[in-house]
Structures are given as C-alpha cells and as structure tokens.
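These notes are about the structure you will find just below.
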Amino acid sequence: MNPTRITCSPEVQAALDGGQAVVALESTLITHGLPYPTSVETALAMEAAVRESGAVPATIAVLGGVLRAGLSVAEIDQLGQTPNTRKCSRRDLPIAIALGETGSTTVAGTMIAAHIAGIRVFATGGIGGVHRGHPEDVSADLLELGRTPVAVVSSGAKSILDLPRTLEVLETQGVPVVGYQTDWLPSFFSRVTNLPVDVRVENPEQVAAIIAASGRLGISHGTLVVVPVPEADEMPAAVAEAAIAQAQREADEQGVHGKESTPWLLSRVSELTAAESQRANLSLLINNSRVGGQVAVALAPHYAY
Ligand code: PSU
Ligand code: MN
C-alpha cells in the first residue's frame with residue numbers, strides 16, 4: 001500500500017498488514033444506484049454481511065480529493081445524501097482527486113482503488129456492460145476487468161445491457177467468468193440466461209484457487225465471479241424484461257447517453273417494477289457480500305507468508 005495514493009482506515013490497514021481477508025465495496029451504488037436512505041441501509045448491511053463471513057469490509061470513495069478505503073457510518077451517510085456527486089470510473093478519478101471533490105467509485109474505479117490498497121476481492125450487485133442498441137457504449141468496467149487483478153463478485157449485469165456482447169468483450173479482454181453454483185450467466189434480477197459461464201464452481205475455495213492461479217501467472221487481469229440472486233427473491237424474467245425494454249425505449253427517445261445512461265435506466269426500471277425489483281436487488285447485494293467475504297477468507301492462505 002502506498003499512503004500517497006490511497007488512505008485506508010485503521011481497521012482496513014491493520015487487516016491488510018496482518019494478511020487478513022478484506023472485501024472492497026463500491027460507492028456508486030450508494031450515490032447513483034439506490035434511493036436514499038435505502039442506499040445507506042444497504043451499504044451498511046453489505047458491510048455487516050462481509051463481517052459475518054469473517055472478512056473486513058472496505059467501502060471505497062473519493063472524499064475531499066482523497067482516495068479512501070474503509071469509511072465511517074457518517075461518511076457513508078454523507079455520500080447517500082449527495083446524489084449529484086461525481087461518478088468515478090477510471091477516467092474520472094484524477095479529476096475528482098485534483099479538484100478536491102467528493103466522488104463515488106464505479107466497479108472500474110473501485111477495482112483500481114482496491115488494487116492500489118492491496119485488496120483482491122470486491123463484492124457488488126451488477127457490473128456495467130455493452131448497452132443495448134449502442135454497441136459503442138462499452139462500460140469501462142469491462143476493460144478494467146481485463147487489466148486489473150481484482151476479483152469482482154456480482155450477479156452479472158442487468159439485462160438493461162446487451163449480455164451476449166458484454167460476454168464477448170469479457171472474452172476479448174481475457175476475463176474468466178466463474179459461475180458460483182451456476183452454469184449460466186445470471187441477469188441480475190433473474191437467476192439464469194441462456195449464456196454459459198466459462199466454468200462452474202461449487203465453493204469459495206475453488207474460486208480462491210482460480211484467483212490465486214491468475215496471480216501466480218502474473219498476467220494481471222480481473223476475475224468475474226457471478227452469483228445468482230437467491231431463489232426466493234428472484235424476479236420473473238418476463239416482468240424484468242418488459243420494464244427494461246420500456247426504459248431503454250424512453251432513454252433513446254429522450255437522448256440519455258454517456259455516464260448518465262446506467263443510473264437513468266436503473267432508476268426507471270426500479271420505478272416501473274417497484275418493490276419487486278428492489279427486493280431482488282437488496283437480496284443479491286447482501287448475498288454477494290457474504291460470498292465475497294467467504295472467497296476473501298479462502299484466498300487469504302494463498303498469500304500468507
Ligand atoms: N449496475 C447496477 N447497479 C449499479 C451499477 C451498475 O445494477 O449501481 C453502477 C456500478 O457502479 C457500475 C456502473 O460500475 O453503474 C456502470 O456505469 P457505466 O455503465 O456508466 O460504466
Ligand atoms: Mn457507458
């Protein structure tokens with residue numbers, strides 16, 4: 001860890017120094033992904049789920065121009081109350097830092113911060129991908145997965161995205177897509193698609209072995225671990241699909257584009273599907289945090305010295 005590049009909380013720093021399991025958590029989910037105060041309650045519940053698995057949570061953000069890992073409850077609440085903050089992907093990080101801004105980190109931004117801090121596992125809900133009808137809009141998350149050695153535990157990508165194209169980019173970028181107790185890429189709200197993962201594994205030890213093998217090869221790419229939403233909270237695929245199609249049509253009509261696309265589509269889909277999508281969303285976020293914690297615990301011995 002380089003203290004001039006990132007500032008870790010004392011708890012996170014002590015865990016990293018002691019070779020204990022740490023799981024990074026993103027903050028764009030808090031500022032742009034969920035409405036306040038659900039956003040803050042969910043972020044805290046994710047931290048608790050990581051702890052229940054025996055790992056230390058490190059929520060990542062830029063606060064007052066400083067890249068930080070491990071936030072206080074008050075800092076997380078503050079982020080939740082500033083929804084217009086800069087959404088920091090790779091290209092935004094230097095801007096927020098140079099201008100002394102407070103910004104949230106996307107999957108790409110969080111992977112970069114985690115890697116700088118020495119954190120190897122990161123849990124979230126959904127990654128960005130290739131947008132439907134806009135193959136030029138490729139989330140920087142996919143390219144980050146191709147270049148930064150952090151494992152991202154998620155429920156795949158929302159089907160607001162073009163999932164077949166998203167998988168093609170991941171393949172080109174050299175990213176292993178590991179199905180956690182599944183043969184199929186999940187589509188966030190729903191447990192399966194007809195798109196196969198690269199490998200199915202049954203337990204955290206197998207995920208850790210794949211991450212550690214990538215580390216030994218020294219070829220510097222991320223790993224995408226996909227975990228389906230728990231069965232009881234799954235949304236019927238057709239209901240999610242109808243809402244997504246409507247949201248994408250409206251976004252096209254209104255000319256929504258660039259970094260606004262994903263937050264706009266997410267909030268429109270959640271308006272259209274109300275409680276149902278929120279239940280699935282919260283359930284998978286907590287579950288992925290738990291699995292992320294278990295993977296980090298299984299990974300720690302691979303790096304013990
Ligand atoms: N998907 C979700 N919820 C989210 C995001 C994606 O279901 O909150 C956020 C993540 O932070 C992700 C970002 O990294 O959106 C992707 O944005 P873009 O498509 O602009 O790269
Ligand atoms: Mn985009």
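Whatever order the structure lists them in is the order used to number ligands and atoms, beginning at 1.
Taking every heavy atom of Thr106 and a limit of under 4.0 angstrom, the matching atoms of ligand 1 come to 11 (O), 14 (O). Applying the 4.0 Å criterion to heavy atoms of Leu266 picks out, from ligand 1, the atoms 2 (C), 3 (N), 4 (C), 5 (C), 7 (O), 8 (O). Residue Gly33 approaches ligand 1 through these ligand atoms, each under 4.0 Å from one of its heavy atoms: 8 (O). Within ligand 1, counting atoms from 1 as listed, the ones closer than 4.0 Å to a heavy atom of Phe188 are 7 (O). Which parts of ligand 1 touch Lys87 is read off a 4.0 Å heavy-atom cut-off, strictly below it: atoms 17 (O), 18 (P), 20 (O).
Counting protein heavy atoms only, atom 7 (O) of ligand 1 is closest to Lys158 NZ, 2.5 Å. Atom 13 (C) of ligand 1 has Asp141 OD2, 4.1 Å as its closest protein atom, hydrogens excluded (heavy atom only). Scanning the protein heavy atoms around atom 6 (C) of ligand 1, the nearest turns out to be Gly126 O, 3.4 Å. Ranking the protein heavy atoms by distance from atom 19 (O) of ligand 1 puts Thr262 OG1, 2.6 Å first. Shortest contact from atom 21 (O) of ligand 1 to any protein heavy atom: Ser139 OG, 2.7 Å. Of all protein heavy atoms, the one closest to atom 11 (O) of ligand 1 is Glu26 OE1, 2.6 Å.
Of all protein N/O/S atoms, those under 2.8 Å from the Mn ion (ligand 2) are Asp137 OD1, and waters are not counted.
Atom CD of Glu136 sits in a crowded spot, with more than 12 heavy atoms from other residues, nucleotides or ligands closer than 6.0 Å.
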Audit row: Glu11, Arg51, salt bridge (charged side-chain N to carboxylate O under 4.0 Å, His left out) steps and yes/no: CA-CA 12 Å; Glu11 185 195 19; Arg51 284 186 201 285; 2.7 Å; yes
Full working for side-chain contact (heavy atoms from CB on, under 4.5 Å) between Val169 and Val130: CA-CA 8 Å; Val169 175; Val130 182; 3.8 Å; yes
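Within the structure, every pair that satisfies the side chain to side chain donor-acceptor pair (under 3.5 Å) test and touches residues 259-275, not counting sequence neighbours, is listed here: Asp92-Lys259, His131-Thr262, Glu250-Arg268, Arg268-Glu271, Thr273-Ser277.
At a cut-off of 3.5 Å, with distance as the only test, no side-chain donor of Glu26 or Ser104 sits close to an acceptor on the other residue.
Annotation: salt bridge (charged side-chain N to carboxylate O under 4.0 Å, His left out) contacts of Glu241 (sequence neighbours excluded): Arg132.
Shown are Ile60, Val56, Leu71; of these, the side chain to side chain contact (heavy atoms under 4.5 Å, CB included) with Val12 is made only by Val56. Residue Leu285 forms a side chain to side chain contact (heavy atoms under 4.5 Å, CB included) with just one option from Asn288, Asn281, Asn287, and that option is Asn281.
Taken to the nearest 0.5 Å, the CD1 atom of Ile244 stands 11.5 Å off from the CD atom of Gln246. Once rounded to the nearest 0.5 Å, the distance linking OG1 of Thr182 with CZ of Arg200 reads 6.0 Å.
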Listed pairs under 3.5 Å, donor-acceptor, residues 291-300 side chains, sequence neighbours left out:
none

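Nearest to atom 9 (C) of ligand 1 by heavy-atom distance, out of Val269, Val107, Thr124, Thr28, is Thr28.
Neither Met235 nor Leu272 shares a network with the other; the hydrophobic side chains, linked directly or stepwise wherever heavy atoms of I, L, V, M, F, W or Y lie under 4.5 Å apart, form separate groups for each.
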